[in-house]
Amino acid sequence: MLAALTRLLPAGLGAHRIVRPATLLGWHRRLVRRKWTYPNRPGRPPIDQEIRDLVIRLARENPGWGHRRIQGELARLGHRIGAGTIRRILGRARLGPAPRRADPGWRAFLRTQASGLLAPDVFCLDTIRLQRLTRCS
């Protein structure tokens with residue numbers, strides 16, 4: 001409004017004017033900003049570092065637990081924390097979703113798959129005339 005009122009001033013005063021309409025609007029914005037400050041920011045309170053460490057520890061020690069199970073265990077301990085918050089904490093710690101197991105090496109993989117990898121040395125072939133040719137070596 002102040003900027004609009006300055007346009008109604010006579011043209012002779014416009015030459016001596018040291019304040020532009022943009023300056024008046026800036027002053028008004030700053031005045032409003034100082035007047036309407038809120039000491040408390042909206043949103044949820046921050047999570048304590050101890051709780052964050054506990055979430056990460058539970059996830060690492062129990063790789064089969066997902067964020068919902070960790071939330072339940074924390075509720076049993078008396079800590080109310082949302083599943084989404086736990087998911088964000090685990091994401092920042094670079095812990096993926098459950099199950100969080102390290103990939104097995106070749107030795108462990110071959111040891112567990114050994115029974116399926118052992119195969120007899122037999123070769124069978126069915127011909128067009130439905131005769132079976134086998135070769136054992």
Side-chain angles (χ1 to χ4, degrees):
M1 261 178 62
L2 292 174
L5 289 175
T6 57
R7 291 185 180 164
L8 297 177
L9 292 174
L13 289 177
H16 301 291
R17 185 174 43 195
I18 57 172
V19 178
R20 296 180 309 147
T23 307
L24 285 174
L25 291 173
W27 289 346
H28 184 260
R29 269 191 236 107
R30 271 186 263 145
L31 181 68
V32 169
R33 195 176 321 136
R34 271 188 255 135
K35 169 73 174 160
W36 297 105
T37 59
Y38 296 99
N40 298 328
R41 287 280 189 202
R44 295 184 178 183
I47 303 298
D48 294 335
Q49 187 61 36
E50 294 174 0
I51 304 278
R52 291 178 193 269
D53 295 340
L54 183 59
V55 167
I56 293 170
R57 181 177 169 197
L58 284 173
R60 284 195 176 133
E61 290 179 2
N62 304 293
W65 290 5
H67 60 277
R68 302 284 277 186
R69 173 73 186 267
I70 293 172
Q71 179 189 19
E73 294 297 324
L74 289 174
R76 285 171 145 186
L77 296 173
H79 301 291
R80 290 190 60 206
I81 184 170
T85 305
I86 293 171
R87 197 170 43 242
R88 278 192 298 276
I89 291 171
L90 294 178
R92 288 186 188 132
R94 298 188 186 266
L95 293 172
R100 285 176 290 280
R101 293 182 189 92
D103 290 334
W106 279 109
R107 180 174 289 170
F109 174 76
L110 292 175
R111 191 175 296 131
T112 58
Q113 301 294 325
S115 63
L117 293 176
L118 295 177
D121 194 13
V122 176
F123 178 74
C124 297
L125 177 69
D126 290 332
T127 63
I128 296 176
R129 295 182 183 174
L130 302 176
Q131 293 177 345
R132 179 164 285 178
L133 304 174
T134 59
R135 176 175 176 197
C136 299
S137 47

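When each of Ile51, Ile86, Leu95 is paired with Ile56, the side-chain contact (heavy atoms from CB on, under 4.5 Å) condition holds for Leu95 and for no other. Applying the side-chain contact (heavy atoms from CB on, under 4.5 Å) test between Val55 and each of Ile47, Leu74, Thr85 identifies Leu74 as the sole match.
Residues forming a side-chain contact (heavy atoms from CB on, under 4.5 Å) with Ala83 (at least two apart in sequence, or on another chain): His67, Arg68, Gln71. Residues forming a side-chain contact (heavy atoms from CB on, under 4.5 Å) with Glu61 (at least two apart in sequence, or on another chain): Arg57. Arg88 is linked by a salt bridge (charged side-chain N to carboxylate O under 4.0 Å, His left out) to nothing, counting only residues two or more places apart in sequence or in another chain.
Tracing side-chain contacts under 4.5 Å through hydrophobic residues (I, L, V, M, F, W, Y), one reaches Ile81 starting from Leu77; they form part of the same cluster.
Two residues are said to be in side-chain contact when any heavy atoms from C-beta on lie closer than 4.5 Å; Asn62 and Glu73 fail this criterion.
Asp53 contributes atom CG, which lies 9.5 Å from atom CD1 of Ile89 (distance to the nearest 0.5 angstrom).
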